[in-house]
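Worksheet: one structure, shown below.
Per chain, numbering begins at 1; letters A, B, ... match sequence-line order. Computation of the quantities below employed the complete heavy-atom set of this structure, encompassing side-chain atoms and omitting hydrogens, waters and symmetry-equivalent molecules.
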Amino acid sequence: MPKHLSIQTLFADQPVGTRQIVKGWVRTLRNDQFLSISDGSTIKTLQVVISKEQVGEEICKKLQTGACVETEGVLQKSLGKGQEIELICDRIEILGESDPNEFPIQMKRHSLEFLREKAHLRFRTNTFGAVFRIRHHLSFAIHKYFNDRQFFNLHSPIITGSDAEGAGEMFRVTTLDIENPPRLENGSIDNTADFFGKPANLTVSGQLEAELAALALGKVYTFGPTFRAENSNTSRHLAEFWMIEPEVAFNDIQDNMDLAEDFLRYCIRYALDHCKDDLEFLQDREANEDKLKPVDERQALPLIQRLEFVANNTFERITYTEAIDILLQSNHYKKKKFKYDVKWGIDLQSEHERYLVEKHFQKPVIITGYPAAIKAFYMRLNEDGKTVAAMDILVPGIGEIIGGSQREERYDVLLEKCKQFNIPADHIWWYLETRKFGTCVHAGFGLGFERMVMYVTGMQNIRDVIPFPRTPQNAEF
RNA sequence: UCCCUAGUAGCUCAGCUGGUUAGAGCACAUGACUGUUAAUCAUGGGGUCCCUGGUUCGAGUCCAGGCUGGGGAGCCA
């Protein structure tokens with residue numbers, strides 16, 4: 001008894017004339033005769049040709065959208081147009097019925113907002129099938145990229161006792177009874193009674209741990225979940241998201257930029273090479289959605305052309321100081337169209353980043369040399385004493401997709417930075433020790449995985465590129 | 001957290017300056033058709049107009065508060 005083949009395999013190999021078993025979910029039944037089924041292996045559906053007389057009225061009525069079926073028959077070249085192959089069915093079995101009065105997913109356009117409330121069933125749609133297949137391929141591409149280049153995958157801890165990161169609000173992890181926690185005599189909570197004997201949180205970044213490993217293993221990367229308890233409710237933020245953080249010993253800021261750019265372009269190329277059908281579907285979908293929008297809100301280029309452009313062209317590289325000059329000399333600034341003022345020392349606002357990327361350069365841009373005051377304590381101080389070796393990569397439509405830096409490897413300078421940023425040295429003694437024992441130049445960056453998936457799929461809301469989004473006031477499913 | 005905006009059938013939406021019994025397309029049911037491509041055609045069923053309160057002879061429509069969704073900002077990845 002041969003195992004049944006996936007629809008993807010049937011389309012790839014086209015074993016015409018052979019007997020096949022196909023299992024999947026019903027999309028539509030057209031003309032009481034043509035059953036369109038999907039098994040998730042590809043965006044393509046297989047047309048199964050049935051005869052109402054042979055199948056019988058009872059079974060025919062149960063071939064409703066969403067039902068799960070097993071069909072058997074001979075594969076042949078399709079007599080109709082619209083598909084290459086079809087299965088001439090002589091046996092069909094309903095594995096799982098689907099009441100059409102209750103099943104919410106229909107063969108019609110649904111709003112993404114509606115489907116978000118049906119996250120357990122939205123995998124059944126073409127759009128989310130495509131998105132999550134692409135998400136998988138990108139995930140695989142990331143591991144392949146680093147593995148092929150002798151990086152080691154580091155599993156940084158998800159629960160951390162470190163709170164020195166400053167990357168954002170943290171989720172507390174505790175086994176204490178929140179209704180009635182143990183208290184000290186002065187009334188404050190007795191954290192020594194907690195599971196770890198001290199406060200613990202979900203990680204906001206694996207970077208510090210990755211640095212420790214890089215200073216021994218050379219080239220490492222993390223790829224895991226991270227958590228931010230910020231009350232930020234936007235289409236680009238999640239409370240739980242996946243982050244990729246490479247860290248490389250002996251890399252300086254230039255090497256870091258080279259790596260980040262090569263990595264991003266590799267991943268996009270990989271998606272173009274491995275997800276053609278899904279990208280074409282999403283491209284058509286986007287084009288149809290755009291028709292409903294005002295002209296100035298539409299995409300300038302179709303999805304695949306946008307990706308080809310990024311994969312085939314080098315990124316623009318400018319310093320923060322140059323970026324400020326460009327903004328100051330823009331007509332946009334002279335006409336006072338920026339809401340926030342522009343001057344050296346400010347943190348670039350979304351509107352500034354968008355102007356640089358979407359209006360001025362119209363391609364991905366890497367900005368380096370930010371003022372030390374607006375960046376994290378661990379970034380390496382430049383010779384000018386006022387900027388740091390930080391880099392952000394901005395892409396059209398998404399904004400910041402990568403943030404990274406060369407790390408401060410000089411013990412004295414790092415210790416001074418800790419003081420300036422009010423980080424108690426005894427909280428991160430282990431981090432500081434790496435600068436005492438065989439310190440070296442090193443650099444790394446962080447990439448929000450969902451933002452990459454957004455960019456590649458063209459999806460506009462981050463909640464639509466992760467299976468079960470976690471956002472403020474929402475942890476359904 | 002702040003600003004803007006929306007909530008009407010299972011879904012997507014229309015419903016004008018308040019005025020008879022709240023509409024359409026899709027979906028669903030029944031029938032016809034049978035090489036269809038989100039099949040087509042005919043007929044039919046289907047409503048807490050988000051909730052609470054108010055104004056009014058009369059509220060889907062106006063007002064106040066709340067809830068939920070969406071967009072933007074901040075924070076960031």
Tell me which nucleotide, if any, is Watson-Crick or G-U wobble paired with B:rU43 when both distances must be under 3.5 Å.
B:rA29
Under 4.0 Å, counting only non-hydrogen atoms across every strand here, what does A:Glu245 touch: a base, just sugar-phosphate, or nothing?
nothing
Rounded P spacing from B:rG23 to B:rG47 in Å:
13 Å
Would you mind telling me which residue lines up with the more 5' stretch of RNA chain B, A:Gly82 or A:Lys52, judged by nearest nucleotide?
A:Lys52
Distance between P atoms of B:rU12 and B:rG65 (Å, rounded)
28 Å
Suppose you measure atom C1' in B:rA32 against the same atom in B:rC13; what distance do you get, rounded to whole Å?
30 Å
Rounded to the nearest Å, what distance is computed from the CD1 atom of residue A:Ile462 to the P atom of nucleotide B:rG70?
14 Å
Identify whether NZ of Lys or CZ of Arg in A:Lys375 sits under 6.0 Å from the centre of the six-membered ring of A:Tyr370 and within 45° of that ring's axis.
yes
Among B:rU37, B:rU1, B:rC75, which nucleotide has an atom closest to any side-chain atom of A:Lys81?
B:rU37
As a test of reading the structure: which of B:rU36, B:rU1, B:rG74 is closest to the side chain of A:Thr234, going by heavy atoms?
B:rG74
Spacing between A:Leu63 atom CG and B:rA39 atom P, to the nearest angstrom:
14 Å
Using a cut-off of strictly less than 4.0 Å, decide whether A:Ser350 has a side-chain nitrogen or oxygen near OP1 or OP2 of B:rG74.
yes
Between A:Lys77 (NZ) and B:rG35 (C1'), how many Å, whole number?
17 Å
Taking the basic N atoms (NZ, or NE/NH1/NH2) and the acidic carboxylate oxygens, is any pair closer than 4.0 Å for A:Arg19 and A:Asp90?
yes
Check every atom of B:rU12, B:rA73, B:rC75 against the side chain of A:Ser232 and return the nucleotide holding the closest atom.
B:rC75
Expressed as a whole number of Å, how far does the C1' atom of B:rA27 sit from that of B:rG44?
14 Å
Just name whichever nucleotide pairs with B:rA9, Watson-Crick or G-U, keeping both distances under 3.5 Å, else none.
none
Just call it for A:Pro104: base, sugar-phosphate, or nothing, with non-hydrogen atoms closer than 4.0 Å on any strand.
nothing
Quote, to the nearest angstrom, the P distance that separates B:rG10 from B:rG46.
12 Å
To the nearest Å, give me how far apart CZ (A:Arg27) and P (B:rU37) are.
18 Å
Answer yes or no: does a side-chain N or O of A:Gln349 lie under 4.0 Å from OP1 or OP2 of B:rG72?
no
Taking the minimum atom-to-atom distance to the side chain of A:Ser78, which one of B:rC76, B:rG70, B:rG35 wins?
B:rG35
Candidate nucleotides B:rG70, B:rU34, B:rU12, ranked by approach to the side chain of A:Arg109 - the nearest:
B:rU12
A:Phe309/A:Phe315 aromatic ring centres below 6.0 Å
no
Using whole Å, report how far NE2 of A:His110 lies from P of B:rC13.
12 Å
Atom-to-atom span, CE of A:Met243 to P of B:rC76 - whole angstrom
13 Å
So, using salt bridge (Lys or Arg N to Asp or Glu O under 4.0 Å) as the criterion, who are the partners of A:Arg30 when residues are at least two apart?
none
Give me the distance, rounded to whole Å, that separates B:rG66 from B:rC3 when you measure between the P atoms they each carry.
12 Å
Could you work out the separation of B:rA9 and B:rA29 based on their C1' atoms and round it to a whole Å?
15 Å
Suppose you measure atom P in B:rU8 against the same atom in B:rC50; what distance do you get, rounded to whole Å?
6 Å
With a 4.0 Å cut-off on heavy atoms, is A:Gln83 in touch with a base, just the backbone sugar-phosphate, or nothing at all?
base
Checking all strands, does A:Ile401 fall into the base, sugar-phosphate, or nothing category for heavy-atom contacts under 4.0 angstrom?
sugar-phosphate
Which nucleotide in B:rU30, B:rC33, B:rC11 has an atom nearest any side-chain atom of A:Lys61:
B:rU30
Where the side chain of A:Tyr340 is concerned, which of B:rU1, B:rU36, B:rG74 is the nearest nucleotide?
B:rG74
Grab the CD1-P distance between A:Ile105 and B:rG10 for me, whole Å please.
16 Å
Check this for me: does any side-chain nitrogen of one of A:Arg407 and A:Glu247 sit under 4.0 Å from a carboxylate oxygen of the other?
yes
Selection from B:rC11, B:rG35, B:rC76 that lies nearest to any side-chain heavy atom of A:Phe114:
B:rC11
Heavy atoms under 4.0 Å, any strand shown: does A:Gln47 hit a base, just sugar-phosphate, or nothing?
base
Separation of B:rG74 atom C1' from A:Glu353 atom CD, nearest Å, is 13 Å
Is the base of B:rG35 touched by the side chain of A:Glu86 through a donor-acceptor pair closer than 3.5 angstrom?
yes
Check whether any side-chain nitrogen or oxygen of A:Gln106 sits under 4.0 Å from OP1 or OP2 of B:rC26, and answer yes or no.
no
Plane angle bin for A:Phe223 and A:Phe449 - parallel if under 30°, tilted between 30 and 60°, otherwise perpendicular:
perpendicular
Are A:Arg30 and B:rA39 close enough that a side-chain N or O sits under 4.0 Å from OP1 or OP2?
yes
Would a line drawn from the ring center of A:Phe128 to the ring center of A:Phe123 be shorter than 6.0 Å?
no
Choose from B:rG70, B:rC75, B:rU30 the nucleotide whose nearest atom is closest to any side-chain atom of A:Arg236.
B:rC75
Assign A:His237 to base, sugar-phosphate, or nothing according to its heavy-atom contacts below 4.0 angstrom with the strands shown.
base
When both hydrogen-bonding distances must be under 3.5 Å and the geometry is Watson-Crick or G-U wobble, what is B:rG18 paired with, if anything?
none
In terms of side-chain heavy atoms of A:Gln33, which of B:rU12, B:rU34, B:rA39 is nearest?
B:rU34
Give A:Asn461 one of three labels, base, sugar-phosphate or nothing, depending on what nucleic acid heavy atoms sit under 4.0 Å from its own.
sugar-phosphate
Passing candidate, ring pair (Phe, Tyr, Trp, His ring centres under 6.0 Å) with A:Phe146, options A:Phe152, A:Phe151, A:Tyr266
A:Phe151
Sugar-phosphate only, base, or nothing, as touched by A:Asp99 at under 4.0 Å among non-hydrogen atoms:
nothing
Quick test of your reading of the model: are A:Glu289 and A:Arg109 salt-bridged, counting only N-O distances below 4.0 Å?
yes
At under 4.0 Å, does any side-chain N or O of A:Asn231 touch on OP1 or OP2 of B:rU1?
yes
Does B:rC11 have OP1 or OP2 sitting under 4.0 Å from an N or O in the side chain of A:Ser111?
no
